[in-house]
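Notes follow the structure.
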Number of protein chains: 2
Amino acid sequence: MSTIKDIAKDAGVSIATVSIVLNGKGKERKISQDTQTRIYQIAKNLNYVPNQSAKKLRSMQEDSYAVAFYWATDFRINYLARITLGLQEEMLRQKKHIHLTVVPYKVDQLKEQMALTQNTFFNGIIIANMSDKDLEFLDTLTPSFPIVLFNREMDTFSSVTMDNYEVGKQVAHHFLSKNLFDAAVLTHDTTFPIMRKWMKGFLDTYAEAGHPLQEDKIILCNTSSASAIDVCKKLYAEKRLPKAMFCESDVLAHGMLFACHELGVSIPRDLEVFTVGINMPELNDYAVPSLSRIDIPMGAIGAQCMRLLIDLIEKKITHPTTIYLEGKKIIAQSSPEK
Amino acid sequence: MSTIKDIAKDAGVSIATVSIVLNGKGKERKISQDTQTRIYQIAKNLNYVPNQSAKKLRSMQEDSYAVAFYWATDFRINYLARITLGLQEEMLRQKKHIHLTVVPYKVDQLKEQMALTQNTFFNGIIIANMSDKDLEFLDTLTPSFPIVLFNREMDTFSSVTMDNYEVGKQVAHHFLSKNLFDAAVLTHDTTFPIMRKWMKGFLDTYAEAGHPLQEDKIILCNTSSASAIDVCKKLYAEKRLPKAMFCESDVLAHGMLFACHELGVSIPRDLEVFTVGINMPELNDYAVPSLSRIDIPMGAIGAQCMRLLIDLIEKKITHPTTIYLEGKKIIAQSSPEK
DNA sequence: CTGTTAGCGCCTTCAC
DNA sequence: GTGAAGGCGCTAACAG
């Protein structure tokens, strides 16, 4: 890695001259054209890349924080935009210079990614979409910088999350109010803590209402729409389609809609569908038919994460803090009000 | 903004001691417990935030590159994820430490956002979704760091793009091969250079085939699904619905599908729909009905942008370079093969 | 037109 | 147990 020092030596000028030229102030400072082209040429030959840390240090911008946002690249990929906007919103509100780095990681491989990334150079990090395994790993850490969890809960770390049990409960109440006792859950068998809570809230509520759902009402698929389609067709073939289906995410719900359309199963007449909305509202508002859901306020959670993290970085908060936000219940065509 | 110097002064110790303690090496270096707690307390009182630039500079890690990705937050919000994955893919392939910062900006306001962001601290930037106005602004710049344009073309800047005229042509040929002469274009009246090209390719091809489309076949709406729904319903009421519709983006196409479903217009029997696919393929594969489209390879374009930018940063490339990628034609239910 | 110099905040070596 | 000093790469003020 070459520096302006190297260039200066090669060009037979001082480092100051090099700095001036490379910052485009050559004309202004009346550096001779000859010197300028020589410096540019040498910079090119040496593959010179300016060191941004040195630049920043020298120019002493008032507090600019480096923040990392860890984000798992699985089926939830689509809502990165929603979160990013929320993070950004808070950054603008704070009027602080925050350098936000997006660090994608693979589910279950937070450990590997964190080893790869130079975490010591962040003032704080936000982590989204952790699996049980990722949470376990996190528990072994005692980082010297603050960490905020996106939609997860842990005693030892700060987080912004929702009452996910309540989400499942709400959906169950909606179905029960319409006497839809033949209900099922569509979920994927992974280690995602959140989904277990949704499911539990749903199942518990059915049980408490005197209509416990049997084991075979927990339908498993993977996390793709395609998989939901397969499962739906299989259930249909086996005449096991319920009257109401609670999908863990809109990705699966879209698969259900597609499959039912192909099968000639009418939603909501033959089957009602309720889902958890993680993607942009638009995608669910104009699905055919539009999807009833509890919309997760991804943007708001992101904004709160950023705010909490900044408070932690600035030591305005010192103890692990958990903030709860509420989901928004949206009733649409796939499961209308009674 | 306080530094370890301030802490040292307050604590009555040297900056070295403070540095040791705050890096958790107090025990190892046998700093007295008393001094340690005092230092921690003062750090907290002063809201001390370590300066990451100084840390990095000192640590002599090969400096990582800082790259900004400017991304317009309009209807194309959803595909941020597709692009980010592509960018990331190339970052991993290169095995370089690259800090990717996502900078959202509003359409037509690239100028304002660039003034707000500390661009001097990036080694290079990638800009997506520029409008004519944004392009015009860019033309006035002579930045000292490389810039790569995402799906745009300019003489003075490097870019990764597609033959967008060809996209429109392909769709026209598809319709024409099925004798769908009563066709229309659904687009929004903005300054997006790309869309004009698609449209032109489409219209020119119809004209060349001896079936020129009249002015009233260029249907305008804004960029939302909701707007496409309104327009579709209006056309239906006025009995002006064509037999084939080319939508500038899947966001609009989804609106069309929703509206047609409500109106009882059957796709593709009464109306064929072809679109440009910008969102995740899944969203179009499982729309009801699934959407025929030219899928823009967002990920691949992103990856190429990153590669090109790194080559420019490292001065392996010095002249503005344009790379062309091809879209993928996907035939689905909304407009099947003849 | 170009060079000299003094740091920016932090960490590490060496000295006491 | 703690302090002094040097230097990472770069910029800006001041000299010449």
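Not measured: the values here are computed from a predicted model. Just so it is clear, the values below take in all heavy atoms, side chains as well, and ignore hydrogens, waters and symmetry mates.
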Q: State whether a side-chain donor-acceptor pair under 3.5 Å links A/Q88 with A/T84.
A: no
Q: Could you tell me the separation between the NZ atom of A/K9 and the C1' atom of C/dT2, rounded to a whole number of Å?
A: 20 Å
Q.
Applying a 4.0 Å non-hydrogen cut-off, can you work out what B/K27 is touching in the nucleic acid: base, sugar-phosphate, or nothing?
A. nothing
Q) Tell me: CG of A/N23 to C1' of D/dC10, nearest whole Å? A) 9 Å
Q: Just compare D/dG9, C/dG3, C/dT2 and give me whichever is closest to any side-chain atom of A/N51.
A: D/dG9
Q. Roughly, in whole Å, what's the span from NZ in A/K56 to P in D/dA12?
A. 16 Å
**Q.** Whole-Å gap separating P (C/dG9) and CG (B/D6)
**A.** 8 Å
(Q) By the 4.0 Å heavy-atom rule, please label A/I20 as base, sugar-phosphate, or nothing. (A) nothing
Q.
Nearest to the A/Y48 side chain among C/dC8, C/dC10, D/dC10, which nucleotide is it?
A. D/dC10
(Q) Tell me the interatomic distance from B/I15, atom CD1, to C/dC8, atom P, rounded to whole angstroms. (A) 11 Å
Q.
Salt bridge or not between B/R93 and B/E90? Use side-chain N to carboxylate O under 4.0 Å.
A. yes
(Q) Categorize B/G26 for me: base, sugar-phosphate, or nothing, with a 4.0 angstrom heavy-atom threshold over every strand shown. (A) nothing
Q) When the distance from CG of B/L57 to P of C/dT12 is rounded to whole Å, what number comes out? A) 13 Å
Q: Consider the side chain of A/R58, meaning its heavy atoms from C-beta on, and name the nucleotide among C/dC10, D/dG1, C/dA6 that approaches it most closely.
A: C/dA6
Q. How long is the line joining CD1 of A/I7 and C1' of D/dG9, in whole Å?
A. 11 Å
Q) In whole angstroms, how far is the C1' atom of D/dG3 from the CZ atom of B/R29? A) 11 Å
Q) Would you say the side chains of A/S64 and A/H99 form a donor-acceptor pair under 3.5 Å? A) no
Q.
side chain to side chain contact (heavy atoms under 4.5 Å, CB included), that's the test. Do B/Y48 and B/D6 meet it? Break it down for me.
A. CA-CA 9 Å; B/Y48 170 72; B/D6 302 322; over 6 Å; no
Q) How are the rings of B/F150 and B/Y79 set relative to one another: parallel (under 30°), tilted (30 to 60°) or perpendicular (over 60°)? A) parallel
**Q.** Contact under 4.0 Å: B/S19 side-chain N or O vs C/dC10 OP1/OP2
**A.** no
Q.
Using a 4.0 Å heavy-atom cut-off, does A/T3 contact any base of the nucleic acid, only the sugar-phosphate backbone, or nothing at all?
A. sugar-phosphate
Q: Output the single nucleotide from C/dC10, D/dG1, D/dT11 whose closest atom is nearest the side chain of A/K55.
A: D/dT11
Q. Of the nucleotides D/dG1, C/dT2, C/dG3, which has the atom closest to the A/A16 side chain?
A. C/dG3
Q. Counting any heavy atom closer than 4.0 Å, what does B/T35 reach on the DNA or RNA strands: base, sugar-phosphate only, or nothing?
A. sugar-phosphate
Q | Any B/S14 side-chain nitrogen or oxygen under 4.0 Å from OP1 or OP2 of D/dT2 | A | no
Q. Can you find a side chain N or O atom of B/K25 that sits less than 4.0 Å from OP1 or OP2 on C/dT12?
A. yes
(Q) Looking at B/S53, I'd like to know whether one of its side-chain N or O atoms comes within less than 4.0 Å of OP1 or OP2 on C/dC8. (A) no
